[in-house]
Amino acid sequence: MYEMGRGQTMTTLFTDIQQFTTWRNEIPKHDTVGFVPTMGALHGGHISLMQRARSECDHVVVSIYVNALQFNSLNDFSKYPRTESVDFELCAQVGVDSVLVPLQSDMFISDSPNLLSPSKEAEAFEGTDRPGHFSGVVTVVDRLFAVVQPTAAYFGLKDYQQVAVIRNMATTLHPRIDIRPCDTMRETDGLAMSSRNRFLTETARASAGLIPLALSTAIAHWRNGCRDASEVTAIARSIFDRDASIELQYLSIVKDGTMDQVEAVSERDSIIAAVVIDGIRLIDNMQFSNA
Ligand code: PAF
């Protein structure tokens with residue numbers, strides 16, 4: 001256990017789930033607890049989740065756990081950036097009350113724990129391109145929810161499909177936890193903030209700027225009156241086609257909050273995309289709105 005003080009708030013680091021549980025049990029029953037689960041490598045997107053939790057809840061908990069169960073290759077898992085001391089400092093700056101960094105042996109008794117089956121929302125898109133990914137995500141989030149027992153949990157909408165899958169898992173297994181999706185934070189050229197952006201070379205980073213351009217051009221086309229999903233996606237595709245280094249994995253329009261593809265686009269539906277640029281896989285989405 002380690003503590004760091006900032007103004008009124010003391011941020012405590014727990015690596016032991018038992019000690020965390022003792023701390024958690026001391027929180028008065030009617031206080032609200034906001035929870036931001038992360039894998040570390042914190043960026044502006046995570047900070048906005050923590051700030052929202054801070055402004056809405058009496059207590060804020062952040063977890064940092066690089067979850068081996070959700071990676072498709074050992075190589076990806078070992079390459080994932082680990083920046084724990086900087087992460088802890090950022091949590092302290094935002095006024096987070098406790099940071100939980102559990103050991104794998106404390107999270108799961110076995111090296112290959114029983115995996116939960118995600119809902120049907122997990123089947124397509126990321127589910128096809130990354131088999132087993134969502135099973136790993138819901139297994140770890142379920143375990144973290146049981147430990148942290150939050151009132152509300154905050155997730156970034158950049159991972160649109162993850163939000164849909166976790167929402168379904170929580171409805172079944174943790175109905176008292178309020179899942180609060182939060183807007184995607186973007187760089188000045190519109191690129192969605194992601195822990196993977198740091199792996200982009202200068203050239204790949206320039207190409208990545210076409211992702212938000214493609215999605216926002218599709219939204220503009222819809223605002224101009226086009227409702228046909230294949231026409232709207234074709235406009236976005238034509239922008240990706242400008243750059244041969246972009247390999248498009250999927251591009252689709254789905255019904256608000258679900259993974260159901262639509263033929264006619266309505267307000268609140270979302271356009272979702274995954275691309276690979278120079279070996280780095282990036283995802284993004286935008287919602288159709290007239291605002
Ligand atoms: O979005 C993430 O960082 C992870 O998928 C999550 C929700 C922390 C589960 O490991």
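Since the model is a prediction, treat every value here as computed from it, not as a measurement. Just follow the structure's listing: the first ligand is 1, and inside any ligand the first atom is 1.
Side-chain N or O atoms of Ser63 include none that pairs as donor or acceptor with a backbone N or O of Leu100 at under 3.5 Å. Listed for the Arg24 side chain is a donor-acceptor partner under 3.5 Å among the backbone atoms of Val148. With Arg227 contributing its side chain and Glu263 its backbone, the two residues share no donor-acceptor pair below 3.5 Å.
In terms of protein heavy-atom proximity, atom 10 (O) of ligand 1 is closest to Gln70 OE1, 2.6 Å. Closest to atom 2 (C) of ligand 1, if we only count protein heavy atoms, is Gln162 NE2, 3.8 Å.
Any N or O atom pair closer than 3.5 Å counts here, and Tyr65 shares no such pair with ligand 1.
Less than 4.0 angstrom separates some heavy atom of Val140 from each of these atoms of ligand 1: 9 (C), 10 (O).
A 6.0 Å sphere centred on CZ of Arg82 holds more than 12 heavy atoms belonging to other residues, nucleotides or ligands.
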